[in-house]
Amino acid sequence: MDTNIKAWWLGHSAFRLESQNGTVIYIDPFLSQNPTTPDEFKNPDDVDIILLTHGHEDHVGDTLDIAKKTGCKVVAQVELSHLLKKHGLDEEQRIEFNKGGSVDFEDFSVTLVNANHSSSYQGDYAGEAGGLLLSFDDDIAFYHMGDTNIFSDLELYREIYRPHVVAVPMGDYYTMGPQEAAICCEMLNPDIAVPIHYGTFPVLTGDPEEFKSFTEEYSDADVKIPKAGEQFLGN
Ligand SMILES: [Zn+2]
């Protein structure tokens with residue numbers, strides 16, 4: 001696919017993206033404690049923006065440490081954002097939003113969309129879980145579904161955002177499994193689908209190869225299964 005956006009999957013739900021202007025974006029940076037993240041990706045120091053889907057530890061991960069070290073912005077749903085402030089996030093770095101709302105950066109915008117899941121942080125209620133829709137100016141739309149099961153709003157997201165790349169949780173147990181995830185891809189019809197949230201812990205038994213065969217049966221999506229740390233988009 002023709003794009004100036006670069007993307008790496010870092011294991012579980014974590015991604016590193018680089019925009020066309022070189023802005024470095026991390027999504028759900030659960031890295032240092034993630035058993036599948038390669039060592040060279042556990043401790044990034046060149047982060048401009050962190051985007052969070054919800055408050056669970058396997059998503060917030062190293063956010064506060066990275067924010068302290070790099071001075072990056074941290075974008076999260078309102079209640080989670082306030083909790084992160086309570087736990088030490090600097091007000092200058094804090095950007096809150098809520099579902100349907102977008103935050104604009106130099107060469108992309110991010111919209112918080114729905115996800116069917118729960119959210120807490122360090123035992124406190126952290127608002128609602130969401131998905132993230134990144135629209136890069138004159139380039140692709142990248143949809144990180146967060147943790148979720150299937151829901152019918154996906155038909156609307158296809159019409160509104162036309163996502164080219166979708167990161168789909170399919171590990172089962174805490175999210176949907178491979179077959180439901182494949183039907184999400186049928187509804188969204190992206191160019192590329194990337195399975196996430198599997199294999200990190202023993203309970204996440206969803207098989208990415210099973211997801212791939214279901215998805216390629218139900219949709220036109222090309223399913224990429226990167227290794228943790230592997231770049232799967234851009235040059
Ligand atoms: Zn999770």
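The first residue of the sequence shown is numbered 1, and numbering continues consecutively from there. Counting starts at 1 for both ligands and their atoms, following the listed order.
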Worksheet item: Measuring to the Zn ion (ligand 1), does His117 have an N/O/S atom at a distance below 2.8 Å?
Response: no
Worksheet item: In Asp58, the N, O or S atom nearest to the Zn ion (ligand 1) is which?
Response: OD2
Discussion item. Please report, to 10°, the angle around the Zn ion (ligand 1) from atom NE2 (His59) across to atom NE2 (His197).
Written reply: 110°
Worksheet item: Looking only at atom types and distance, does a side-chain atom of Ser119 sit under 3.5 Å from a main-chain N or O of Gly55, one as donor and one as acceptor?
Response: yes
Fill in: Expected output: side-chain Gln93 to main-chain Cys72 donor-acceptor under 3.5 Å
yes
Response to the item:
Tested for side chain to side chain contact (heavy atoms under 4.5 Å, CB included) against Pro29, the lone hit among Val47, Leu10, Leu52 is Leu52
Fill in: For His12, the option from His56, His59, His144 that meets ring pair (Phe, Tyr, Trp, His ring centres under 6.0 Å)
His59
Response to the item:
For the Zn ion (ligand 1), the nearest N/O/S atom on Asp147 is atom OD2
